[in-house]
Number of protein chains: 2
Amino acid sequence: METQDLKKAGLKVTLPRMKILEILETSNVHHLTAEDIYRQLLEAGEEIGLATVYRVLTQFEAAGLVTRHHFEGGQAVFELERGAHHDHLVCVKCGKVVEFMDETIEAKQRQISSEAGFEITDHALTIYGICRDCR
Amino acid sequence: METQDLKKAGLKVTLPRMKILEILETSNVHHLTAEDIYRQLLEAGEEIGLATVYRVLTQFEAAGLVTRHHFEGGQAVFELERGAHHDHLVCVKCGKVVEFMDETIEAKQRQISSEAGFEITDHALTIYGICRDCR
DNA sequence: TTGAATATGAGAAAGCTTCTCATTATTACA
DNA sequence: TGTAATAATGAGAAGCTTTCTCATATTCAA
């Protein structure tokens with residue numbers, strides 16, 4: 001199934017791409033930095049360069065397999081595209097990310113954009129806060 | 001009035017701080033990068049270092065005078081705090097920023113956060129799209 | 001006016017990300 | 001299956017944004 005996705009995107013099926021996709025698919029944390037992925041590759045004994053990780057993630061993003069988020073902190077996080085759109089609640093203490101989706105908000109956004117003459121290409125709603133465990 | 005704000009924040013009233021505040025107040029574009037501000041200072045003949053611009057903006061942020069946004073692109077933009085909270089519509093072609101505020105969305109956010117056990121510290125809703133002029 | 005505290009400028013340095021280029025792997029096709 | 005053409009990789013250099021360092025300069029309370 002993965003190799004199909006790569007081929008469809010016009011990307012050759014290579015070991016680095018398979019491994020990176022595998023990490024994104026199997027990680028229980030859905031939002032990973034390039035560095036996170038690189039570290040996991042090293043721990044798994046794979047000799048894959050950090051430059052390759054960034055390159056592959058950028059290609060995955062272009063192919064729609066992955067979404068890049070710019071949460072606070074300057075470092076980008078990558079998330080495997082699992083179909084359903086959602087927004088994020090991020091804990092500013094521990095970094096935990098909770099996903100949510102609210103059709104009322106979605107609809108309001110479409111209305112506001114259209115009233116302002118904008119054609120939506122994307123949107124990002126991120127709520128920052130302190131989670132239960134950190135209080 | 002500006003000097004009051006600086007003193008209240010425990011910051012000495014210096015020329016760099018006054019000039020940077022002035023640029024933020026008088027610019028018709030409300031969202032400026034540190035580089036933008038630095039360039040305007042140079043054009044105005046002020047010999048203020050880029051490091052000072054960053055330092056001052058960070059202090060302004062801590063004092064609540066300014067808000068730092070992380071729109072797409074990795075570069076932070078700074079906005080003078082003008083009292084009323086609002087969200088942003090950003091044109092991905094020309095960079096134009098339109099501000100909006102919707103109480104329905106705000107209320108929903110509070111509800112979602114509280115249901116997830118989060119105490120909101122901040123939130124950022126940014127809609128990316130193509131504006132009327134760019135189509 | 002003077003001293004203690006704070007701010008500044010310049011360049012170095014740090015962090016994240018992209019680029020370069022010689023080497024290696026993949027793939028389509030014979 | 002072997003081979004040529006094409007694309008991908010690794011390593012380090014380089015680019016950008018942002019922060020740090022430290023000697024010098026400025027502010028402000030008394």
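Protein chains get the first letters and strands the later ones, always in sequence-line order, with residue 1 at the start of each.
No donor-acceptor pair closer than 3.5 Å links the side chain of B/S27 to the backbone N or O of B/I23. At distances below 3.5 Å, at least one donor-acceptor pair connects side-chain atoms of A/S113 with backbone N or O atoms of A/Q109.
The residue B/T14 sits close only to the backbone: its heavy atoms come under 4.0 Å of sugar-phosphate atoms, none of a base. Using a 4.0 Å heavy-atom distance criterion, B/E47 is classed as a sugar-phosphate-only contact. Residue-level contact check: B/I48 touches the backbone only, with heavy atoms under 4.0 Å from sugar-phosphate atoms and none from bases.
For DNA chain D, the span of nucleotides reached by chain B at under 4.0 Å from its heavy atoms goes, 5' to 3', from D/dT17 to D/dC28.
A/K12 contributes no side-chain N or O that forms a donor-acceptor pair with the base of C/dA25 under 3.5 Å.
Aromatic pair B/H30/B/H86: centroids not less than 6.0 angstrom apart.
Counting to the nearest Å, the P atom of C/dC16 and the CZ atom of A/R68 are 14 Å from each other. Distance NZ (B/K19) to C1' (C/dG9): 18 Å, rounded to an integer number of Å. A straight line from CD of A/Q75 to C1' of C/dA14 spans 13 Å, rounded to a whole angstrom. Rounded to whole angstrom, the span from the CG atom of B/L41 across to the C1' atom of C/dG9 amounts to 13 Å. For the pair A/E72 CD and C/dC16 P, the interatomic distance rounds to 16 Å; values are reported in whole Å. One can place OH of A/Y54 at 13 Å from P of C/dG15, the figure rounded to the nearest angstrom. In this structure, the OH atom of A/Y38 is 14 Å from the P atom of C/dT17, given to the nearest Å. At whole-Å resolution of the value, CG in B/L57 and C1' in C/dA7 are 15 Å apart.
A close approach under 4.0 Å does occur between a side-chain nitrogen or oxygen of B/R17 and OP1 or OP2 of C/dA7.
For the residue pair B/H70 / B/Q75, no side-chain donor-acceptor distance below 3.5 Å is found, with atom types taken as modelled. Side chain to side chain, B/H88 and B/E99 fail the donor-acceptor criterion of an N or O pair below 3.5 Å.
Of the two residues near DNA chain D, B/T52 and A/L15, the one whose nearest nucleotide lies more 5' is A/L15. The 5' end of DNA chain C is approached more closely, in terms of each residue's nearest nucleotide, by B/L11 than by the other of B/A51 and B/L11.
Shortest non-hydrogen contact noted between B/Y38 and B/I48 is CE1-O, 3.0 Å.
Ring orientation note: the planes of B/H123 and B/H85 are tilted relative to one another, at an angle of 30° to 60°.
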